[in-house]
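FYI, side chains are in, hydrogens and waters are out, and symmetry mates aren't considered; it's all heavy atoms of this structure.
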Amino acid sequence: MTSKKNVIVVSARRSGTHLLTDLVVNNFGYESINYNYLDYTNHPKVTWTHAHDFKDYLKYNHSKEDNAELDRYFSESKIIFIYRDIRDIINSCYNRPRYKNKYKDFTDFYNNFDFDGYELIDQEYNNISDLLIGYYKNWFSVYMSRELLGLDMEIISYEEIISNYDSSVNKIAGFLEQIVHTPIDVRLENINKLNSNIKYSTNDFRSGKIGEWVNTLDLKLGE
């Protein structure tokens with residue numbers, strides 16, 4: 001077992017950010033911090049970002065010194081990219097009360113979603129599908145180019161963690177170069193089944209099920 005490096009979880013919103021973060025925290029002894037990675041102090045910590053582009057932080061009003069620090073964090077951290085079927089992401093977004101109450105129906109939401117909460121500075125999209133497709137095009141390209149970019153990066157899907165939990169924990173253990181004996185299961189069926197022995201980084205969970213998009217999206221649109 002090697003010394004632990006900081007971990008950055010990269011994800012689109014509603015795609016398993018906290019599922020993966022909580023997996024790392026509870027199985028490998030990391031501390032989770034807010035997604036402002038400038039908060040790093042002592043090892044080992046795990047944080048997350050929903051940035052749409054690698055080095056997206058350069059678009060913000062950080063000082064040159066802070067940008068240099070952020071470059072260092074990315075180069076020195078273990079990066080895990082988690083992805084999810086975008087149809088389930090759309091379904092999850094639509095069914096959040098703070099979004100659903102703003103739109104008269106799903107079609108209104110799909111076509112007029114104002115991307116509230118998404119880090120979009122200089123990009124425009126016709127609908128939420130275009131946003132998510134663009135997001136994944138960028139990050140899959142980063143993953144494929146990780147060696148050229150000098151990134152220590154792994155990839156895993158939401159579906160993989162939900163359906164094959166123990167093997168997913170072992171996969172992450174191998175990437176983090178850590179040992180796991182008996183995996184601690186952080187999956188939830190619903191918020192009423194929170195395990196008091198597990199450290200959760202959020203309480204904003206829904207059902208966590210795979211394929212629920214069929215209950216919201218028109219099948220033709222889904223296809």
Side-chain angles (χ1 to χ4, degrees), residues 5-24 35 37 46-60 67 70-94 110 113 115-165 167-177 187 201 208-214 217 221-223:
K5 292 183 177 180
N6 287 325
V7 175
I8 299 175
V9 172
V10 175
S11 62
R13 293 179 184 274
R14 315 308 295 174
S15 61
T17 311
H18 295 283
L19 173 68
L20 179 54
T21 298
D22 296 342
L23 183 157
V24 171
Y35 55 83
Y37 7 86
V46 54
T47 189
W48 56 90
T49 175
H50 300 302
H52 281 242
D53 300 291
F54 176 50
K55 293 196 173 183
D56 201 45
Y57 49 84
L58 295 176
K59 299 176 183 178
Y60 293 83
N67 280 334
L70 288 166
D71 281 339
R72 183 174 68 81
Y73 292 144
F74 266 92
S75 66
E76 294 180 356
S77 297
K78 294 274 190 179
I79 300 173
I80 310 176
F81 171 40
I82 182 169
Y83 65 96
R84 184 184 188 184
D85 186 326
I86 66 170
R87 297 169 297 186
D88 277 327
I89 297 177
I90 293 169
N91 175 67
S92 182
C93 285
Y94 173 63
Y110 183 80
F113 182 48
F115 308 120
D116 173 43
Y118 283 79
E119 291 77 6
L120 295 171
I121 294 178
D122 55 1
Q123 304 168 67
E124 294 183 2
Y125 300 97
N126 292 323
N127 53 56
I128 191 171
S129 286
D130 288 347
L131 178 148
L132 292 167
I133 290 169
Y135 180 95
Y136 282 131
K137 280 183 177 179
N138 174 78
W139 279 105
F140 276 115
S141 296
V142 171
Y143 175 72
M144 296 300 291
S145 305
R146 61 193 182 281
E147 293 180 358
L148 291 173
L149 295 169
L151 299 178
D152 191 1
M153 187 173 183
E154 182 57 275
I155 188 169
I156 195 167
S157 72
Y158 177 90
E159 291 78 10
E160 189 176 352
I161 295 177
I162 293 296
S163 301
N164 301 291
Y165 188 77
S167 64
S168 296
V169 173
N170 288 325
K171 177 179 179 177
I172 298 301
F175 175 63
L176 298 180
E177 302 175 83
R187 293 171 298 178
S201 54
K209 295 180 180 177
I210 298 170
E212 275 199 332
W213 64 267
V214 297
L217 279 69
L221 173 62
E223 290 171 358

Peer 1: Check the pair K137 / I133 against side-chain contact (heavy atoms from CB on, under 4.5 Å), numbers first and verdict last.
Peer 2: CA-CA 6 Å; K137 280 183 177 179; I133 290 169; 3.9 Å; yes
Peer 1: I need the I172 CD1 to I161 CD1 distance, nearest 0.5 Å.
Peer 2: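 Reported to 0.5 Å precision, the distance equals 6.0 Å.
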Peer 1: Going through the distances and angles, do F140 and F81 end up as a ring-ring contact (aromatic ring centres under 6.0 Å, His included)?
Peer 2: CA-CA 9 Å; F140 276 115; F81 171 40; 5.2 Å; yes
Peer 1: Please enumerate all residues that pass salt bridge (charged side-chain N to carboxylate O under 4.0 Å, His left out) together with R146, with sequence neighbours excluded.
Peer 2: none
Peer 1: For W139 versus A51, what's the shortest heavy-atom pair and its separation?
Peer 2: NE1-O, 2.9 Å
Peer 1: Give, for atom CZ of F113 and atom CG of N126, the distance between the pair rounded to the nearest 0.5 Å.
Peer 2: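 Between atom CZ of F113 and atom CG of N126 there are 15.0 Å.
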Peer 1: Which heavy-atom pair separates T17 from A12 by the least distance, and what is that distance?
Peer 2: OG1-O, 3.9 Å
Peer 1: Write down the atom of R14, the atom of S92, and the distance for their closest heavy-atom approach.
Peer 2: NE-OG, 3.0 Å
Peer 1: S15: which residues meet the side chain to side chain donor-acceptor pair (under 3.5 Å) condition with it, sequence neighbours left out?
Peer 2: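 S15 satisfies side chain to side chain donor-acceptor pair (under 3.5 Å) with no other residue.
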Peer 1: Once rounded to the nearest 0.5 Å, what's the spacing between atom CG of L20 and atom OG of S11?
Peer 2: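 The distance works out to 8.0 Å.
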Peer 1: Check Y73 against I8 and note the closest heavy-atom contact, atom names and distance.
Peer 2: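 Here Y73 and I8 meet closest at O-CD1, 4.3 Å.
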Peer 1: State the CD1-CG distance between I162 and D88, to the nearest 0.5 angstrom.
Peer 2: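 Reported value, rounded in 0.5 Å steps: 10.5 Å.
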Peer 1: Show your working on side-chain contact (heavy atoms from CB on, under 4.5 Å) between I155 and Y83 and close with a plain yes or no.
Peer 2: CA-CA 8 Å; I155 188 169; Y83 65 96; 3.8 Å; yes
Peer 1: Could you state the interatomic distance from NZ (K171) to CG (L23), rounded to the nearest 0.5 Å?
Peer 2: 12.0 Å
Peer 1: If you look at every heavy atom in N164 and S167, which pair is closest and at what distance?
Peer 2: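 Of all heavy-atom pairs spanning N164 and S167, the closest is O-OG, 3.0 Å.
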Peer 1: For E154, enumerate each residue passing the salt bridge (charged side-chain N to carboxylate O under 4.0 Å, His left out) test, keeping only those at least two apart in sequence or located in another chain.
Peer 2: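 Applying salt bridge (charged side-chain N to carboxylate O under 4.0 Å, His left out) to E154 gives none.
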Peer 1: What are the two closest heavy atoms between D22 and S201, and how far apart are they?
Peer 2: OD1-OG, 2.7 Å
Peer 1: Among residues at least two apart in sequence or on other chains, which ones pass side chain to side chain contact (heavy atoms under 4.5 Å, CB included) with D152?
Peer 2: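 With sequence neighbours excluded, D152 shows a side chain to side chain contact (heavy atoms under 4.5 Å, CB included) to K5, K78, F175, given in chain and number order.
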Peer 1: For D71, which residues count as a salt bridge (charged side-chain N to carboxylate O under 4.0 Å, His left out) partner, sequence neighbours excluded?
Peer 2: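 Checked D71 against salt bridge (charged side-chain N to carboxylate O under 4.0 Å, His left out); matches are K55.
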Peer 1: Apply side-chain contact (heavy atoms from CB on, under 4.5 Å) to the pair I210 and S163, showing each step before the final yes or no.
Peer 2: CA-CA 9 Å; I210 298 170; S163 301; 3.5 Å; yes
Peer 1: Return the CZ to CG distance between R84 and L132, rounded to the nearest 0.5 Å.
Peer 2: 11.0 Å
Peer 1: Show the numbers, then the answer: is there a side-chain contact (heavy atoms from CB on, under 4.5 Å) between V9 and I82?
Peer 2: CA-CA 7 Å; V9 172; I82 182 169; 4.1 Å; yes
Peer 1: With sequence neighbours left out, what residues match S129 under side chain to side chain donor-acceptor pair (under 3.5 Å)?
Peer 2: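 In terms of side chain to side chain donor-acceptor pair (under 3.5 Å), with neighbours along the sequence ignored, S129 is linked to Y110.
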Peer 1: Test your reading of the model: is there a side-chain donor-acceptor pair from S157 to the backbone of E160, 3.5 Å cut-off?
Peer 2: yes
